[in-house]
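I have placed the structure first, in the form of structure tokens, so that the comments after it can refer back to it.
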Amino acid sequence: MGKPDFRLPPGVKDILPEEIPKWHYLEDIIRELAKLHRFREIRTPIFEMALLFQRGVGEATDIVVKEMYLFKDRGGRELALRPEGTAPVARAYVEHGLHTRPQPLKLYYVGPMFRHDRPQMGRNRQFHQFGAEIFGAPGPAADAEVIFLLAQFLRRAGVREWELELNSVGCPVCRPQLVAALKEYLEGRASHLCPDCRQRLERNPLRVLDCKEESCRQVVQQAPTPLDYLCSRCESHFRGVQEELYSLEVPFRLNPRLVRGLDYYTGTTFEVLSPRLGAQNALGGGGRYDYLVEECGGPPTPGVGFAVGLERVLLALERQEDSPLPKDEVRWGIFVVAADEEGRKRQAYWLKLLRSAGLPADRDYASGRGLRAQLKQADRHRARWALILGAEELGRGMVRLRDLESGEQVDLPEAEVIAWLRQKETGGS
RNA sequence: GUGGAUGUAGCUCAACUGGUCAGAGCGCCAGACUGUGGAUCUGGAGGUUGUGGGUUCGAUUCCCAUCAUCCACCCCA
């Protein structure tokens, strides 16, 4: 607290050591599942040319209009901290000619995203997403595949309650008709709409569909929805997605009024909601984007993907009764303790020996402290074992190992220590 | 961008309606118990009470502003 204001800017957080195991828990699951489903990782920079998002995500979207971190570099380039992951991956796909590789191409990413929103529960200005994309697969099986991966991730992570909402927002063939019909319907009832929605009527009438204002919801009850206007292609594609989801045993609910905030979506869109999150209740979402690659200057290439917010998954898990998240209480590693001068001479040797054998080892760095003080250090630093070196044992070619959990201790011949510890480590407890 | 609540040591909190009110517990550091930790005891560091103004003889306690946090709107992850 205090004088110069070096505190963190609003909406960003430090992740302290005791929280790291939770992140590793999720990250391990992500890597394992992505591999199992044969997705390969891609890492793109955290900033891009601002234009990528303006064009890719959409000039009129909230993300671009009011949430991007914009800055100029010394060359005068307009850059932006990435607010989402799909456009950058599409950009990389085009830039490196990934369309020349065997298609479809299945990619995933994990990393920080940045949005200048007002922070609240479940919403930070820097947050982390796990996302997956499939390029070059136009059929409904690809849509189902990414949704399946998302569902598997949530299940494997241990998220108990979530609901998948599914919709199709149509393609360039059918959407214009829908928009026209919707506009006509809404214009007739504009007086019943909230001020925001009267604006939306001009810019993006679809957004009126999921307004939470009670009066708007009334109006929208009978309004035409995308599902009423799907062309035959979209219709059969969407039916195909649903059939695949049945086969994959991923439960979902149709929500014809689900509208997403990014302009690039075509056809299938979906969102995963959690009842434990408060106002920001979306764990993840995604959909199909068949024109994004083209928009980024590549050849016409269909795409579909999702992104899931890792902070929100952690939040949901923390609020469950039976949280599977790892605790930070475990003792681990070996504290090398010197009982006397004789032991002190061997301390460095043992430290190196243990580490060379792959066993985590540490010591007290203060010079010449007594055995009691060193053990106290070992305990407070949550070490699992104390390796005690003293003239008494060393004289017989032995060292003493103390279990800091139970208090039991044994003397072992020096040559057997490594094997004994390894066995303890793998042999459970 | 809008609204509401909150803001005292690293953490959790205390200080009657403004007058020894700057404290406690935990944690941290040092030490004792003299080859054995998690117990106990002793000592110590650490706050100009978010910041800046104002009212007052006097403010942590009242008023204003500002910053930050939290929750909600909006939007989404």
Side-chain angles (χ1 to χ4, degrees), chain A residues 1-13 16 57 61-67 82-86 110-131 150 194-197 199-200 204 207 210-213 258-262 271-274 277-286 306-316 331 335 337-344 364 366 369-394 400-409:
Chain A
M1 334 225 6
K3 311 78 194 214
D5 199 357
F6 289 146
R7 283 174 300 178
L8 274 172
V12 298
K13 290 199 157 106
L16 298 176
V57 176
T61 59
D62 282 357
I63 288 180
V64 166
V65 172
K66 48 189 214 195
E67 293 173 10
R82 62 181 184 193
E84 60 99 46
T86 300
V110 181
M113 305 296 162
F114 306 84
R115 265 128 87 160
H116 193 116
D117 248 348
R118 190 72 174 263
Q120 71 182 77
M121 158 103 61
R123 189 169 72 189
N124 295 314
R125 289 183 176 177
Q126 177 178 167
F127 58 99
H128 297 77
Q129 286 187 332
F130 158 41
L150 171 55
C194 69
D196 281 345
C197 282
Q199 297 267 315
R200 289 179 181 129
N204 189 354
R207 301 221 59 101
D210 68 349
C211 181
K212 280 141 201 148
E213 202 70 42
L258 171 65
V259 178
R260 311 216 68 239
L262 291 75
E271 223 164 79
V272 176
L273 276 13
S274 162
L277 287 188
Q280 307 304 314
N281 65 346
L283 287 169
F306 75 80
V308 56
L310 299 185
E311 282 83 353
R312 290 191 183 175
V313 170
L314 288 175
L315 195 59
R331 290 176 172 279
F335 225 76
V337 167
D340 50 33
E341 199 45 49
E342 212 47 41
R344 233 161 262 134
D364 181 29
R369 261 205 288 222
L371 179 59
R372 180 193 291 278
Q374 291 178 62
L375 282 169
K376 190 168 196 151
Q377 286 299 309
D379 181 52
R380 288 197 303 184
H381 287 272
R382 312 297 297 165
R384 179 66 219 279
W385 306 96
L387 179 76
I388 301 170
L389 306 169
E392 191 180 298
E393 298 84 2
L394 291 169
R400 180 162 294 179
L401 265 175
R402 181 174 177 85
D403 184 333
L404 291 173
E405 215 161 79
S406 67
E408 291 165 17
Q409 51 185 26

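Because the structure is a prediction, the values reported are computed rather than measured.
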Does [X] make a side-chain donor-acceptor contact with the base of [N], cut-off 3.5 Å?
X         : N      : answer
Asn281(A) : C76(B) : yes
Arg123(A) : C71(B) : no
Arg380(A) : G37(B) : no
Glu393(A) : G35(B) : yes
Gln409(A) : U36(B) : yes
Arg207(A) : C74(B) : no

May I ask you to say what [X] touches in the nucleic acid, namely base, sugar-phosphate or nothing, with a heavy-atom cut-off under 4.0 Å?
X         : answer
Ala386(A) : nothing
Ile63(A)  : nothing
Gly286(A) : nothing
Gly285(A) : sugar-phosphate
Gly370(A) : nothing
Asp62(A)  : sugar-phosphate

Hey, does the side chain of [X] come within less than 4.0 Å of [N]'s phosphate (OP1/OP2), counting only N and O?
X         : N      : answer
Arg125(A) : U69(B) : no
Arg382(A) : G38(B) : no
Arg369(A) : A30(B) : yes
Arg372(A) : G37(B) : yes

message: I want to confirm an ordering. Mapping Val12(A) and Val308(A) to their closest nucleotides on RNA chain B, which one lands closer to the 5' end?
response: Val12(A)
- prompt: If you pin Met121(A) and Leu262(A) to their nearest nucleotides in RNA chain B, which one's is more 5'?
  reply: Met121(A)
Rounded to whole angstroms, how far apart are [atom1] on [X] and [atom2] on [N]?
X         : N      : atom1 : atom2 : answer
Trp385(A) : U36(B) : CH2   : P     : 20 Å
Lys376(A) : C41(B) : NZ    : P     : 12 Å
Asp364(A) : U36(B) : CG    : C1'   : 14 Å
Glu67(A)  : C73(B) : CD    : C1'   : 14 Å
Leu404(A) : A39(B) : CG    : C1'   : 16 Å
Glu311(A) : C76(B) : CD    : P     : 18 Å
Gln280(A) : C74(B) : CD    : P     : 9 Å
Glu392(A) : U36(B) : CD    : P     : 11 Å

With the side chain of [X] defined as its heavy atoms from C-beta on, choose the nearest nucleotide among [options].
X         : options                : value
Ala279(A) : C73(B), G38(B), U36(B) : C73(B)
Leu371(A) : G35(B), G37(B), C76(B) : G35(B)
Gln120(A) : C76(B), C71(B), C28(B) : C71(B)
Arg7(A)   : U36(B), C73(B), A68(B) : A68(B)
Arg118(A) : A72(B), G37(B), G35(B) : A72(B)

task: Could you check Asp117(A) against Lys66(A) for salt bridge (Lys or Arg N to Asp or Glu O under 4.0 Å), going step by step and ending with a plain yes or no?
output: CA-CA 8 Å; Asp117(A) 248 348; Lys66(A) 48 189 214 195; over 6 Å; no
Give me the distance, rounded to whole Å, that separates [N] from [M] when you measure between the [atom1] atoms they each carry.
N      : M      : atom1 : answer
A65(B) : C73(B) : P     : 26 Å
C29(B) : G46(B) : P     : 16 Å
U51(B) : U60(B) : C1'   : 14 Å
G44(B) : G27(B) : C1'   : 14 Å
A9(B)  : A5(B)  : C1'   : 24 Å
U8(B)  : C71(B) : C1'   : 23 Å
G23(B) : C64(B) : P     : 30 Å
U48(B) : G4(B)  : C1'   : 31 Å

task: Please step through side chain to side chain contact (heavy atoms under 4.5 Å, CB included) for the pair Phe127(A) and Leu310(A), ending with a clear verdict.
output: CA-CA 8 Å; Phe127(A) 58 99; Leu310(A) 299 185; over 6 Å; no
Base partner of [N], which must satisfy Watson-Crick or wobble distances under 3.5 Å:
N      : value
U61(B) : none
U66(B) : G50(B)
U2(B)  : A72(B)
A32(B) : U40(B)
C13(B) : G23(B)

- request: Take Asp403(A) and Gln409(A), measure what side chain to side chain contact (heavy atoms under 4.5 Å, CB included) needs, and give me the verdict at the end.
  value: CA-CA 6 Å; Asp403(A) 184 333; Gln409(A) 51 185 26; over 6 Å; no
query: Hey, does the side chain of Arg402(A) reach the backbone of Gly407(A) with a donor-acceptor pair shorter than 3.5 angstrom?
result: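 Yes, because the side chain of Arg402(A) sits within donor-acceptor range (under 3.5 Å) of the backbone of Gly407(A).
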message: Tell me whether Arg82(A) contacts the main-chain N or O of Pro112(A) through its side chain, where contact means a donor paired with an acceptor under 3.5 Å.
response: yes
If you define the side chain from C-beta out and look only at heavy atoms, does anything of [X] sit under 4.5 Å from [Y]?
X         : Y         : answer
Pro83(A)  : Arg115(A) : yes
Leu277(A) : Arg312(A) : yes
His381(A) : Phe335(A) : yes

- request: Could you go through the salt bridge (Lys or Arg N to Asp or Glu O under 4.0 Å) check for Asp364(A) and Arg369(A) one step at a time?
  value: CA-CA 8 Å; Asp364(A) 181 29; Arg369(A) 261 205 288 222; 2.9 Å; yes
